[in-house]
Protein chains: 2
Amino acid sequence: MDIKDAIRTIPDHPKPGIMFRDVTTLLADAGAFRRTVDALVAPLAGAKIDKVAGIEARGFILGGAVAHQLSVGFLPVRKKGKLPFTTLAEDYELEYGTDTIEIHVDAAQPGEKVLIVDDLVATGGTAEAAVKLLRRAGADVVGCAFVVDLRDLGGAERLRALGVQVTALVEFAGH
Amino acid sequence: MDIKDAIRTIPDHPKPGIMFRDVTTLLADAGAFRRTVDALVAPLAGAKIDKVAGIEARGFILGGAVAHQLSVGFLPVRKKGKLPFTTLAEDYELEYGTDTIEIHVDAAQPGEKVLIVDDLVATGGTAEAAVKLLRRAGADVVGCAFVVDLRDLGGAERLRALGVQVTALVEFAGH
């Protein structure tokens, strides 16, 4: 199955007017899942990558698979209060209010080349906060890889403006 | 590095007297991560597995890697209210009160052979609820694979009493 066709759209979720792009149907399909992982790493063939950073929670599934494919380590970017050791924290803006993500203070070593993975980029706020966190830890963020880009929300451009290479496998218009 | 040595212990987290077993240091180590995935699937060599079920949130990281290693699909077992499509839900007991996990109603097909993956088994309450959910969906739960077994809490035995094969790579005494 084509990667885009394997994504289920749920209208009016979580609220009216939102077309929710559900990747669980893609992950459940062995062939589509494997082709997705292959496609996420393809643009980075030949690049040195030391670690994959997955963004909680769906980015953990894809990031775990991508780290395994690349034979590198994995570091979790988590919602506030979920990590047990000393953390670095970064706030980012939501439609109403702010939220916070964290990494362990020793999650990345200075100079390590890190690839950020998540299922979807919308406004790019979470991924931008992840880039900032990893740079504060001294890491070199070599790219952000997403399955879905909601391109009208401008997240990919926002990340490219930070000097980060952005890969997205499929695009959807609208929210 | 040995798998057990790659796990960090954080004393008195999240509360006094608890020795928290932190697998993020294991996941960050490329060699230890790969050996962990290999060891999780080794007891199932030759068994037919159609899908891996990962338990939110750390089970997503390991489950994503295990599904990739086995070239099968992945299904998320999530906390209540996180899945966008129609769900099946199962309650389980906590020290105080109850919690609920969910799967999508179409996450597993009748007769599918499913391997449950999580980082750690303590009392086994969450994994038991996952077994029940998957069986309600008609799936055949072929096993539960964990990195850590807190053996004094009896979770592995509780799961074996359900007729499920349990694999755990390392054991720790106490809580």
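Residue numbers begin at 1 in each chain, while the letters A, B, ... track the order of the sequences. Only a predicted model underlies this, so the values are computations on that prediction, with no experimental measurement involved.
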Self-check item: Any residue meeting side chain to side chain contact (heavy atoms under 4.5 Å, CB included) with A:A53, in chain and number order, not counting sequence neighbours
Solution: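 A:A53: side chain to side chain contact (heavy atoms under 4.5 Å, CB included) contacts with A:L75, A:V77, A:V114, A:I116, A:L134.
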Practice problem: Please flag which part of B:P84 lies under 4.5 Å from any non-hydrogen atom of chain A: side chain, backbone, both or neither. | Solution: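 Both backbone and side chain.
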Quiz prompt | Engaged part of B:F33 at the chain A interface, taking heavy atoms whose separation is under 4.5 Å | solution =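 Just its side chain gets close to chain A.
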Common cluster, [X]/[Y], ILVMFWY with side-chain heavy-atom separation under 4.5 Å:
X      : Y      : value
B:V131 : B:I103 : yes
A:L27  : B:I55  : no
A:L62  : A:L70  : yes
B:L169 : B:L150 : yes
B:F85  : A:V23  : no

Pull every donor-acceptor pair under 3.5 angstrom between chain B and chain A and give the atom names with distances.
from, atom 1, to, atom 2, distance (Å)
B:R8, NH1, A:D106, OD2, 2.8
B:R8, NH2, A:H104, ND1, 3.4
B:T24, OG1, A:H104, ND1, 3.1
B:L27, O, A:F74, N, 2.7
B:A28, N, A:F74, O, 3.4
B:R34, NE, A:S71, OG, 3.1
B:R34, NH2, A:H68, O, 2.5
B:R34, NH2, A:S71, OG, 3.0
B:H68, O, A:R34, NH2, 2.4
B:H68, ND1, A:H68, ND1, 3.2
B:H68, NE2, A:Q69, OE1, 2.9
B:Q69, OE1, A:H68, NE2, 2.9
B:S71, OG, A:R34, NE, 3.1
B:S71, OG, A:R34, NH2, 3.1
B:F74, N, A:L27, O, 2.7
B:F74, O, A:A28, N, 3.4
B:H104, ND1, A:R8, NH2, 3.4
B:H104, ND1, A:T24, OG1, 3.1
B:D106, OD2, A:R8, NH1, 2.8

Quiz item: So what's closer than 4.5 Å to chain B heavy atoms on A:F74: side chain, backbone, both or neither?
Solution: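 For A:F74, backbone and side chain are both near chain B.
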Self-check item: Closest contact, heavy atoms only, B:G64 versus A:A65
Solution: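 Minimum heavy-atom separation between B:G64 and A:A65: O-CB, 3.6 Å.
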